[in-house]
J.: 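Below: one structure in structure tokens.
We use all heavy atoms of the structure for the numbers below, so side chains are in, but hydrogens, waters and symmetry mates are not. Because the structure is a prediction, the values reported are computed rather than measured.
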Amino acid sequence: MSIITKQGMMKLLAREPFVPFRVHLENGKRYDVPFREVGHVLSFGFLVFIGMKQGTRSAKGYDRFPFEKIIRIEENPAAVRRRRKAS
């Protein structure tokens, strides 16, 4: 298991073109980041907006967690396919 860092998360969000990803936490929760505005790097961890649609500024909620709680990050191929079909 690799350790997720603030710099690593910033790099994921800054990639061009952006590649959607999924964050897996040690408690079994997982969060999709289908576009960069859904995730934000905080000083202690990561903030994810839940139910946010691209092009809007509203979300149904949010969750935040420290970097130490992240066990892995994977690219989300399903989100990549949806995004390509929409364009």
Side-chain angles (χ1 to χ4, degrees):
M1 170 174 64
S2 63
I3 296 173
I4 306 301
T5 64
K6 180 178 181 176
Q7 292 77 19
M9 292 302 282
M10 290 170 65
K11 284 181 184 179
L12 278 174
L13 289 172
R15 287 196 287 189
E16 286 295 337
F18 178 77
V19 177
F21 59 93
R22 180 173 287 154
V23 179
H24 293 265
L25 302 183
E26 64 185 15
N27 64 6
K29 289 184 179 180
R30 56 184 186 232
Y31 297 95
D32 289 336
V33 181
F35 51 97
R36 72 173 42 97
E37 292 79 13
V38 170
H40 293 276
V41 176
L42 305 172
S43 60
F44 72 93
F46 198 62
L47 169 77
V48 178
F49 288 109
I50 300 166
M52 185 177 198
K53 294 188 176 168
Q54 195 163 11
T56 68
R57 300 189 126 222
S58 62
K60 293 178 182 175
Y62 68 92
D63 201 355
R64 59 182 181 218
F65 40 84
F67 296 117
E68 306 82 59
K69 302 290 182 184
I70 301 171
I71 58 170
R72 81 175 188 275
I73 294 180
E74 64 182 0
E75 289 186 6
N76 188 350
V80 172
R81 280 195 295 275
R82 276 195 311 265
R83 184 173 177 210
R84 287 185 181 152
K85 284 182 182 176
S87 34

J.: Could you check whether Tyr31 and Phe46 have their ring centres less than 6.0 Å apart?
T.: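 No, they do not, as the ring centres are separated by 6.0 Å or more.
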J.: Side-chain contact test, heavy atoms from C-beta onward, threshold under 4.5 Å: evaluate it for Leu25 versus Ile71 and give yes or no.
T.: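 Sidechains of Ile71 and Leu25: no contact.
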J.: For the pair Phe35 and Met52, evaluate side-chain contact (heavy atoms from CB on, under 4.5 Å) and give the outcome as yes or no after the intermediate values.
T.: CA-CA 10 Å; Phe35 51 97; Met52 185 177 198; 4.2 Å; yes
J.: Is the OH atom of Tyr62 crowded by more than 12 outside heavy atoms at less than 6.0 Å?
T.: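 Result for OH/Tyr62: open.
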J.: Considering non-hydrogen atoms only, spot the tightest contact between Phe44 and Arg64 and give its length.
T.: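 Of all heavy-atom pairs spanning Phe44 and Arg64, the closest is CZ-CD, 4.0 Å.
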J.: How far apart are the closest heavy atoms of Pro34 and Pro20, and which atoms are they?
T.: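 Heavy-atom minimum between the residues: O-CG, 3.5 Å.
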J.: Examine distances only and state if a side-chain atom of Arg36 and a backbone atom of Arg15 form a donor-acceptor pair shorter than 3.5 Å.
T.: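 Checking the backbone N and O of Arg15 against the side chain of Arg36, a donor-acceptor pair under 3.5 Å is found.
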J.: Report the distance from atom CD of Glu26 to atom NZ of Lys69, rounding to the nearest 0.5 Å.
T.: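 Going from the CD atom of Glu26 to the NZ atom of Lys69 covers 4.5 Å.
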J.: Is Asn27 reaching over with its side chain to a backbone N or O of Lys29, donor-acceptor style, under 3.5 angstrom?
T.: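 Yes, Asn27 side chain to Lys29 backbone: donor-acceptor pair under 3.5 Å.
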J.: More than 12 heavy atoms of other residues, nucleotides or ligands under 6.0 Å from CZ of Arg57: yes or no?
T.: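 12 or below, so no.
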J.: To check you understand the geometry: which heavy-atom pair defines the closest contact between Ala59 and Phe49, and what is its length?
T.: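 That closest heavy-atom pairing would be CB-CB, 3.9 Å.
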J.: Measuring from Leu12:CG to Glu75:CD, what's the distance to the nearest 0.5 Å?
T.: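 Nearest 0.5 Å value for the CG-CD distance: 8.5 Å.
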J.: Answer whether the closest heavy-atom distance between the side chains of Phe21 and Met9 falls below 4.5 Å.
T.: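 Heavy-atom side-chain distance check passes, below 4.5 Å.
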J.: Between Val38 and Asp32, what is the shortest heavy-atom contact and its length?
T.: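 Closest approach of Val38 to Asp32, heavy atoms only: CG1-O, 3.8 Å.
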J.: Report the distance from atom CD of Glu74 to atom CZ of Arg22, rounding to the nearest 0.5 Å.
T.: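 Result: 5.5 Å between the selected atoms.
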J.: Kindly compute the distance separating CZ (Phe65) from CG (Leu42), expressed to the nearest 0.5 Å.
T.: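 One gets 9.0 Å once the value is rounded to the nearest 0.5 Å.
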